Amino acid sequence: MSPKLLLAADMLPEGTTAIQTLEALPGKVPLIRKTSRPPNFETPVSFFNEAFTPNNAFFVRYHLADIPEVDASSWKLAVGGPAAGRQIEFTLDDLKKNFEQVEVAAVCQCSGNRRGFSEPHVPGVEWGSGAMGNARWSGVRLKDLLEKVGLADSAIEIAFDGADGPVYDKTPDFQKSIPAWKAMEENTLVAYEMNGEALPHWNGFPARLIVPGWTGTYWVKHLVGIKALAEALKVFWMNPAYRVPRALFPIIERFTSQEPPHSPSTPITEMVVNSMITNLTDGAETKAGQPIDLKGIAWDGGYGIVEVAISSDGGKSWTPATLGEDLGRFSWRQWSHQIAPQQQGSVTVMVRARNKMGQTQVDSLLFNGAGYQNNVVQTLRLTVA
Ligand SMILES: Nc1nc2c(c(=O)[nH]1)N[C@H]1C(S)=C(S)[C@@H](COP(=O)(O)O)O[C@H]1N2
Ligand SMILES: [Mo]
């Protein structure tokens, strides 16, 4: 059988989006357009058959429509803030020449990936399964920059500002913060390369933040400012935006400085364990007695995938799939498995991953008003002729 081009949106509930339009932003292959202003484009699932998502097919997510073309030669990154010893403006050359270059393979996934599958529907970009990608990011450790400006003991959060801004004054500028301890981790980077090339404009040229394991919202693009703070950053994009009910998800890496006393919500942080089939789509056809190769990916917040199990009887029995090469704990893990349905009719195939912490996927949606962290076990029906 020949898998058709998979559009993640194939499986969106009817009425979510009337038409799935493929459209190419400059420098990108055609992606699934969700909104044009600001640009929100998702990656067709067929690209996830590769270990790393090509730069020209990587999804694009923006909150604000005023996105400048940054000139690399005059670009400066100001690092300082009230809880830093001093402020330094770094050029791109400074970053490349004066700091160790490090690389990390990591999944960037929007908190709202699969929001379009929420029942009942919730407001926001109605993403299918393609608001994510896996890449090799390289640049400098954020820690090395912070050590250069001197971090005060009082620093509890590090705040980030990108060059993009609102078109209307009333829309809040996009700013995010992460806990100081997360900022000081070895794998938290200011990256200027993606898969061995300069960052594409739409993915944050000339430099962006990489927060491996945490959802895309913290991965600030077109970075221009980094500030060490002695108090919690109070901006719209930290609260009320990008938060989840406090006890809904099994969060290990909590962001406690953003949890005011009695607050019913907490910032979304690490990605939940998740998996998908990438080489077949719902409704694919096959012949009785003929083996079919299933192929896909599994990922989590950086603890590491230990098992991917497949069911081809609607969830009654499960068999472990073969895991592909371990490309690092923040990368997704490829897997493969073969099934051979014997009887004509339909077969329900399901995939479920488990990580080192023993966390696994849910059978039914952990509903939240923003449609975040959808890791419902994926179910495909194959037609056996
Ligand atoms: N400057 C800036 N950075 C940003 C955003 C934004 O709107 N502006 N969106 C964030 C969100 S919510 C996500 S999911 C990721 C998406 O990264 P990508 O567009 O490279 O795929 O970027 C993050 N960084
Ligand atoms: Mo996002």
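Read the numbers this way: they start at 1 and go in the same order the structure lists the ligands and their atoms. These numbers come from a predicted model, not from an experiment.
Figure legend: cation-pi geometry between K96 and Y192, with NZ or CZ positioned under 6.0 Å from the six-membered ring centre and within 45° of its axis. Taking the ring axis of W299 as reference, the NZ or CZ atom of R333 does not stay both within 45° of it and closer than 6.0 Å to the ring centre. Judged by the 6.0 Å and 45° rule, R115 forms no cation-pi pair with Y372. Both the sub-6.0 Å distance and the 45° axial angle are not jointly satisfied by K221 relative to the ring of F174. Judged by the 6.0 Å and 45° rule, K356 forms no cation-pi pair with Y303.
Near Y62, with a cut-off below 4.0 Å to any heavy atom, the atoms of ligand 1 are 7 (O). The contact set between ligand 1 and F58, taken as ligand atoms under 4.0 Å from a residue heavy atom, comprises 21 (O). Within ligand 1, the atoms closer than 4.0 Å to a non-hydrogen atom of N203 are 18 (P), 19 (O), 20 (O), 21 (O), numbered from 1 in the order shown. For ligand 1, the atoms sitting less than 4.0 Å from at least one non-hydrogen atom of V60 are 19 (O), numbered in the order shown with element in parentheses. Ligand 1 places these atoms under 4.0 Å from at least one heavy atom of C110: 14 (S).
Scanning all protein heavy atoms for the shortest distance to atom 11 (C) of ligand 1 gives G216 O, 3.5 Å. Taking atom 17 (O) of ligand 1 as the reference point, the nearest protein heavy-atom neighbour is R208 NH2, 3.0 Å. Scanning all protein heavy atoms for the shortest distance to atom 21 (O) of ligand 1 gives F59 O, 2.7 Å. Distance from atom 3 (N) of ligand 1 to its nearest protein heavy atom, with residue and atom name: K221 N, 2.9 Å.
Geometrically, ligand 1 and R61 share a nitrogen or oxygen pair separated by less than 3.5 Å. In terms of polar-atom proximity, H222 is not counted as a contact of ligand 1, lacking any N or O under 3.5 Å from an N or O of the ligand. Any N or O atom pair closer than 3.5 Å counts here, and Y242 shares no such pair with ligand 1. Residue W219 has at least one nitrogen or oxygen atom sitting less than 3.5 Å from a nitrogen or oxygen atom of ligand 1, judged on distance alone.
Counting only heavy atoms from C-beta outward, the side chains of I297 and I277 never approach each other to under 4.5 Å.
Heavy atoms of Q109 come nearer than 4.0 angstrom to ligand 1 in no pair at all.
Remark: S257 engages E157 in a side-chain hydrogen bond (donor to acceptor under 3.5 Å, both in side chains) (not counting sequence neighbours).
Checking D164, T43, L64 against atom 1 (N) of ligand 1, the nearest heavy atom belongs to D164. If you check each of W127, F160, F174 against atom 6 (C) of ligand 1, the one with the closest non-hydrogen atom is F174.
Cluster membership for I310 and V306, using ILVMFWY side-chain heavy atoms within less than 4.5 angstrom, is not shared.
Across all their heavy atoms, M194 and P200 have their closest contact at SD-CD, 3.6 Å.
Listed by first then second residue, pairs satisfying salt bridge (Lys or Arg N to Asp or Glu O under 4.0 Å) with a partner in residues 227-244 number zero, not counting sequence neighbours.
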